Amino acid sequence: MPRFISEIKRTHSCGQLTKDDIGKEVVLFGWVANRRDHGGAVFIDLRDREGLTQVVFEEDVRPDVHEVAEKLRLEYCVGIRGKVVSRGGNVNPKLRTGEIEVHGTDVEIFNRSEPTPFPIEDSIDTAEEKRLQYRFLDLRRAPLQKTLMTRARVNHLTRNYFTENRFLELETPFMGKYTPGGARNFLVPSRLNPGKFYALAESPQLYKQLYMVAGFDRYFQIVRCFRDEDLRLDRQPEFTQIDVEMSFVEQNDVFDVMEGLIVKLWKECLGIDVPRPFQRMPFDESMARYGNDKPDLRFDMPHTVLTEVVRQHQGGGVPLLLEAVDKKGIVKGMRLPSSMQLSRTEIDKLEEYVKGMGAKGLARAKVGEGGEWTQSPFAKTITAEMRQAINQAMGAQPGDLLLFQFGKESTVHTVMANLRVHLAKKAGLIPEYGSGGQWRFLWVVDPPLFEYDEEAGQWAAAHHAFTRPRDQDLPYLESDPGKVYCWRYDLVLNGFEIGGGSIRLHDPEVQKRVFKAMGISEEDARSKFGFLLDALKMGAPPHGGIALGMDRLVMLLTGAESLRDVVAWPKTQKGTDLMTGAPGDVDARQLRDLYVKSTTEPK
RNA sequence: GGGGUGUUAGUUAAGUCGGUUAUAACGCCGGCCUGUCACGCCGGAGGCCAGGGGUUCGAGUCCCCUACACCCCGCCA
């Protein structure tokens with residue numbers, strides 16, 4: 001064992017010492033963050049997770065120690081002993097410990113370090129590929145350490161909060177039965193059952209409902225979930241949920257509990273008071289005004305739905321718009337005030353951008369002094385009446401630029417939603433993190449229970465098949481399923497969905513009708529969800545719940561730009577781990593033991 | 001599956017119209033330096049220009065393909 005550690009114990013962290021400690025004999029362990037060698041005196045910035053402390057080794061004080069100190073290099077892991085001394089006139093205001101320094105009287109090198117592939121500094125512009133390859137070094141950097149410390153704090157506060165509120169932390173299996181629908185599952189072959197597979201849980205959804213049936217009343221869990229879908233900046237194949245379920249509750253009860261948690265987290269982590277109750281918005285309004293169900297409300301720039309205007313004017317002299325409406329499509333516009341000047345080149349770029357999302361083009365119109373349109377494909381043929389109607393609907397002012405999308409509803413929404421955010425970013429309308437950035441929490445409520453699956457020609461559950469419909473909509477279950485709305489809700493923050501849940505359907509009779517509307521036979525339902533259907537028949541309490549995306553929450557809380565910055569060991573967009581090389585090959589024998597055969601030849 | 005951006009010393013970048021020895025900063029190595037904290041000064045090493053193919057007298061530069069990373073669409077109840 002090193003002499004330090006076994007004989008000489010650490011007394012303080014590197015972020016701790018202040019002028020109150022002057023005169024103390026201290027022992028610090030850490031890494032060499034920087035060195036400044038002045039010959040007779042060597043300055044070392046020693047770093048641990050708490051901060052930096054300057055240590056000085058002087059030749060005339062301890063020549064032998066100074067000699068070792070001269071050999072120190074960046075990222076050597078060392079222990080030092082010395083005396084805390086005032087810096088006098090040489091205070092460094094950038095450091096928390098900047099009023100003092102430690103005059104080293106002893107030092108031990110625990111381990112040397114090769115030159116690191118990138119500097120261990122707060123802000124670096126090293127390619128993420130490199131950072132992921134040496135993740136253990138990236139995690140040594142203060143910003144990531146701070147983020148993970150916040151993450152640990154969120155875990156801790158969450159556990160305390162729910163425990164104090166009579167919730168029980170109960171676990172659920174990761175390896176379960178594959179259930180069709182929803183996210184793609186990771187599969188685990190069963191050695192003991194040839195040809196059979198477990199599925200890794202995409203969420204504890206069914207189990208947590210069964211906890212309610214079992215009478216546990218209030219459940220929570222901070223739990224890993226697995227989904228084999230394509231990755232995004234805010235999506236990892238394994239991620240963490242704060243999972244909650246409650247019996248004998250309605251929507252407002254769920255909101256109360258969750259708002260309480262959020263308020264506590266923001267207060268404790270950022271010192272910010274988040275006002276309650278959070279804003280609520282119906283799903284349909286969110287789609288109409290913002291094109292998705294997770295609007296960023298830190299800026300406005302709403303869409304205007306023009307479908308009815310176009311229909312009333314029978315196309316208003318624009319055949320393309322008439323065609324879009326006739327084919328059950330929609331027409332949307334967005335107004336860019338004259339203050340958001342866009343050059344011709346920028347507009348052309350925008351057009352390429354939207355084409356990448358499936359748009360056929362980007363129709364626009366520049367509004368003139370008298371409300372006339374120029375620079376527009378519609379300008380020549382549009383009737384004055386429809387032009388005026390559109391101007392009025394959109395609140396168009398002279399100098400504004402109007403952007404339009406029309407056609408298939410889902411494409412129009414996607415394109416316009418992305419366009420709205422894209423242009424707001426470009427125009428600097430979104431407050432930066434830490435600059436008085438607003439926290440716009442929003443409950444998106446009251447969505448339709450079903451969405452029409454065009455490929456299957458069927459109504460399908462928009463969320464899952466166990467969401468409770470609104471009582472007043474029950475008559476439409478058979479006649480017009482599209483008109484049935486339900487007790488589902490998403491929690492949205494600044495354009496990210498950070499949680500979602502529902503009040504569950506606990507009535508077996510209504511349950512049957514829902515399956516029927518989706519074209520699922522009783523046998524089908526039984527084979528997939530038999531255990532849950534049984535459970536609902538045996539005294540299932542009314543219940544509901546929610547799951548928060550813990551990683552996303554921490555991402556927003558810390559101002560991180562991607563989920564990869566709040567997950568200690570993340571995967572790349574192709575789902576690989578650049579540090580370990582996972583996923584990797586296994587040998588034929590392992591596969592044989594699992595009764596599995598690959599259809600791909602190893603390269 | 002589709003659209004976009006990128007890949008040049010360890011790192012970050014420059015590299016003109018295709019032209020002869022591919023630059024710089026930081027880091028690294030050696031030397032000097034007792035008040036630095038982006039320490040300073042002197043000297044030095046370090047390159048399969050992502051990989052493959054093509055055009056050309058000549059390719060880091062032009063063309064094609066592939067790989068990898070990132071952003072987006074699809075997908076994610």
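Chain A is the first sequence line, chain B the second, and so forth, proteins listed ahead of strands; every chain is numbered from 1. The structure displayed is predicted, hence computed values, not measured ones.
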> Under 5.5 Å between ring centres and under 30° between planes: does that hold for A/Phe43 against the base of B/U36?
Replying inline: yes
>> Between the base of B/C76 and the side chain of A/Arg227, is there a donor and acceptor pair under 3.5 angstrom?
In response: no
> Would you call the rings of A/Tyr489 and A/Trp443 parallel, tilted or perpendicular, where under 30° means parallel and over 60° means perpendicular?
Replying inline: perpendicular
>> At 4.0 Å (heavy atoms only), tell me whether A/Glu128 reaches a base, stays on the sugar-phosphate, or touches nothing.
In response: sugar-phosphate
>> From CG of A/Asn90 over to P of B/C37, roughly how many Å is that when rounded to an integer?
In response: 10 Å
> For A/Tyr290 and A/Asp296, does a side-chain donor sit closer than 3.5 Å to a side-chain acceptor?
Replying inline: no
> Which base sits across from B/C28 as a Watson-Crick or G-U pair, both distances under 3.5 Å?
Replying inline: B/G44
>> What's A/Arg73 touching, base or sugar-phosphate or nothing? Going by heavy atoms closer than 4.0 Å.
In response: sugar-phosphate
> Looking for any heavy atom pair under 4.0 Å, which part of the strands does A/Lys355 touch: base, sugar-phosphate only, or nothing?
Replying inline: nothing
> If you measure from the Lys or Arg side-chain nitrogens to the Asp or Glu carboxylate oxygens, is any gap between A/Glu346 and A/Lys426 under 4.0 Å?
Replying inline: yes
>> Under 4.0 Å, heavy atoms only, any strand: does A/Glu352 hit a base, just the sugar-phosphate, or nothing?
In response: nothing
> A/Glu229 has an atom CD; how far is it from atom C1' of B/C73, in whole Å?
Replying inline: 14 Å
>> Could you tell me the Watson-Crick or G-U partner of B/A59, where both distances fall under 3.5 Å? Say none if there is no partner.
In response: none
>> Within the 4.0 Å heavy-atom criterion, would you say A/Asn418 contacts the bases, only the backbone, or no part of the nucleic acid?
In response: sugar-phosphate
> Taking atom P of B/C72 as reference, at what distance in whole Å does atom OH of A/Tyr353 sit?
Replying inline: 9 Å
> Can you check whether A/His38 stacks with the B/U36 base, using ring centres under 5.5 Å and planes within 30°?
Replying inline: no
> Over how many whole Å does the gap from A/Asn185 atom CG to B/C75 atom P extend?
Replying inline: 18 Å
>> For a quick check of understanding: with a heavy-atom distance under 4.0 Å over all strands, which category does A/Leu74 fall into, base, sugar-phosphate or nothing?
In response: sugar-phosphate
>> Let's test this: given Watson-Crick or G-U wobble pairing with both distances under 3.5 Å, identify the partner of B/C33.
In response: none
> For the residue pair A/Phe226 and A/Phe174, does the interplanar ring angle fall in the parallel (under 30°), tilted (30 to 60°) or perpendicular (over 60°) class?
Replying inline: perpendicular
> In whole angstrom, what separates A/Glu129's CD from B/U11's P?
Replying inline: 11 Å
> With A/His543, which of A/Arg468, A/Gln209, A/His506 fulfils side-chain hydrogen bond (donor to acceptor under 3.5 Å, both in side chains)?
Replying inline: A/Gln209
> RNA chain B: A/Val56 or A/Ala183, which has the more 5' nearest nucleotide?
Replying inline: A/Val56
> Ion pair present between A/Arg140 and A/Glu75, side-chain N to carboxylate O less than 4.0 angstrom?
Replying inline: yes
>> Output the rounded distance in Å from CZ (A/Arg112) to C1' (B/C28).
In response: 16 Å
> Looking across every strand, which nucleic acid part, if any, lies under 4.0 Å from A/Arg131 by heavy atom: base, sugar-phosphate, or nothing?
Replying inline: nothing
>> Which nucleotide, if any, forms a Watson-Crick or G-U wobble pair with B/A38, using both distances under 3.5 Å?
In response: none
> Is B/A22 paired to anything, Watson-Crick or G-U wobble with both distances less than 3.5 Å, and if yes, which nucleotide?
Replying inline: none
> Within the pair A/Arg36 and B/U36, is there a side-chain N or O less than 4.0 Å away from OP1 or OP2?
Replying inline: no
> If pairing requires Watson-Crick or G-U wobble contacts with both distances under 3.5 Å, which nucleotide is the partner of B/U7?
Replying inline: B/A67
> Does A/Lys94 put a side-chain nitrogen or oxygen below 4.0 Å from OP1 or OP2 of B/C37?
Replying inline: no
>> I want to know whether A/Phe466 and A/Phe529 have ring centres closer than 6.0 Å.
In response: yes
>> Considering every strand and a 4.0 Å limit on heavy-atom distances, what is the contact class for A/Gln133: base, sugar-phosphate, or nothing?
In response: nothing
>> If I take atom CG in residue A/Asp122 and atom P in nucleotide B/A38, what distance separates them, rounded to the nearest angstrom?
In response: 12 Å
> Can you tell me how far C1' of B/G27 sits from NZ of A/Lys130, to the nearest Å?
Replying inline: 15 Å
>> Need one value for A/Asp125: base, sugar-phosphate or nothing, where a base atom within 4.0 Å counts as base even if backbone is also close, heavy atoms only.
In response: sugar-phosphate
> OP1 or OP2 of B/G74 less than 4.0 angstrom from a side-chain nitrogen or oxygen of A/Thr414, does that happen here?
Replying inline: yes
>> For B/C71 and A/Gln573 - does any side-chain N or O of the residue sit under 4.0 Å from the phosphate oxygens OP1/OP2?
In response: yes
> Which comes earlier along RNA chain B counting from the 5' end, the contact point of A/Arg87 or that of A/Glu561, where each point is its nearest nucleotide?
Replying inline: A/Arg87
> Can a donor-acceptor pair under 3.5 Å be found between the side-chain atoms of A/Arg232 and the base atoms of B/C70?
Replying inline: no
>> If the cut-off is 4.0 Å, is A/Arg35 near the phosphate of B/C37, judged by side-chain N/O to OP1 or OP2?
In response: no
> Reckon A/Thr576 has a side-chain N or O less than 4.0 Å from the OP1 or OP2 of B/A69?
Replying inline: yes
> Checking only heavy atoms, does the side chain of A/Asn92 share a donor-acceptor pair with the base of B/C37 at less than 3.5 Å?
Replying inline: yes
> Any donor and acceptor pair, going by atom type alone, linking the side chain of A/Thr53 with main-chain N or O of A/Cys14 inside 3.5 Å?
Replying inline: yes
> Contact class for A/Gly182 vs. all strands (heavy atom < 4.0 Å): base, sugar-phosphate, or nothing?
Replying inline: sugar-phosphate
